[in-house]
Amino acid sequence: LHSDLAHLFGNIAFGIWFLLLTARALGAPIAALAILLGGILGNVLAAGIYYPHHSLSIGASTAVFAALAIVVAHSMRYWGLLAGGALRRWSPLVGGVLLLAYTGTGGERTDVAAHLTGFVAGLLVGWIGSRLPEAALRSPRLQATAAAAALILLVSSWLVALVVD
């Protein structure tokens, strides 16, 4: 899922950071599920862009940029509830787009389309997640269900990757 060691370490560093921020907002199991869903949706969108050459996409970075966008969407929801106007409400999106541009567009082997589709998918997943009531996010049953769903999605994705390859 990585083109080289720098790509791997970049995904690990940014992925852990955004996973932690997302977990703080949604709880770790729901965050894991949301990031996986954002990564899957982003990769499906990227495959549509690359069709019929969808093998050009590596994959894991899409989930990292989905995680960034989930944090952005969650921040926009709650910053929008505070006083301060449009500048305050839209500042998380501006910051997220700047991080996307800075970290997701450089280098000759950078998959810009996958990074962008991951970010867009993450905005959608994050928007949905930011509307979950706090009581639901604190529900052990919902968190356990999300953990099981995330594990099933992760294992299923690897099985599909192994069969298709």
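We number each residue from 1, following the sequence as shown. Quick note: numbers below take in every heavy atom, side chains included, and nothing from hydrogens, waters or symmetry partners.
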### Task
Side-chain contact test, heavy atoms from C-beta onward, threshold under 4.5 Å: evaluate it for Leu68 versus Leu21 and give yes or no.
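Of all side-chain heavy-atom pairs linking Leu21 with Leu68, none is under 4.5 Å.
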Pairwise side-chain contact, Phe14 with Thr103, heavy-atom cut-off 4.5 Å (strictly under) =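 The answer is yes; the side chains approach within 4.5 Å.
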Ser130 side chain to His74 main-chain N or O, any donor-acceptor pair under 3.5 Å?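 Such a contact is absent between Ser130 side chain and His74 backbone.
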Answer yes or no: is there a donor N or O on one side and an acceptor on the other, between the side chain of Gln143 and the main chain of Ala136, under 3.5 Å?
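Judged by distance alone, no pair lies under 3.5 Å.
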Is it possible for you to say whether [X] and [Y] belong to one hydrophobic cluster, with membership spreading through side-chain heavy-atom contacts below 4.5 Å?
{"X": "Leu132", "Y": "Ile35", "value": "yes"}
{"X": "Val94", "Y": "Val72", "value": "no"}
{"X": "Phe65", "Y": "Met76", "value": "yes"}
{"X": "Leu36", "Y": "Ile152", "value": "no"}
{"X": "Leu123", "Y": "Trp90", "value": "yes"}

| request: Could you check Leu45 against Ile49 for side-chain contact (heavy atoms from CB on, under 4.5 Å), going step by step and ending with a plain yes or no? | output: CA-CA 6 Å; Leu45 293 171; Ile49 290 171; 5.6 Å; no
Arg131 CZ: over 12 foreign heavy atoms closer than 6.0 Å: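 More than 12 within 6.0 Å, yes.
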So, taking the atom named [atom1] in [X] and the one named [atom2] in [Y], what distance separates them when rounded to the nearest 0.5 Å?
{"X": "Ile30", "Y": "Ile70", "atom1": "CD1", "atom2": "CD1", "result": "11.5 Å"}
{"X": "Leu98", "Y": "Leu93", "atom1": "CG", "atom2": "CG", "result": "9.5 Å"}
{"X": "Leu142", "Y": "Thr145", "atom1": "CG", "atom2": "OG1", "result": "6.0 Å"}

Show the nearest heavy-atom pair for residues [X] and [Y], with the distance to one decimal.
{"X": "Ala46", "Y": "Thr117", "answer": "CB-OG1, 3.6 Å"}
{"X": "Leu26", "Y": "Ala34", "answer": "CD1-CB, 4.4 Å"}
{"X": "Asn11", "Y": "Ala60", "answer": "ND2-CB, 3.9 Å"}
{"X": "Phe18", "Y": "Val64", "answer": "CD1-O, 4.0 Å"}
{"X": "Trp127", "Y": "Ala73", "answer": "N-CB, 3.5 Å"}
{"X": "Ala121", "Y": "Gly42", "answer": "CB-N, 3.6 Å"}

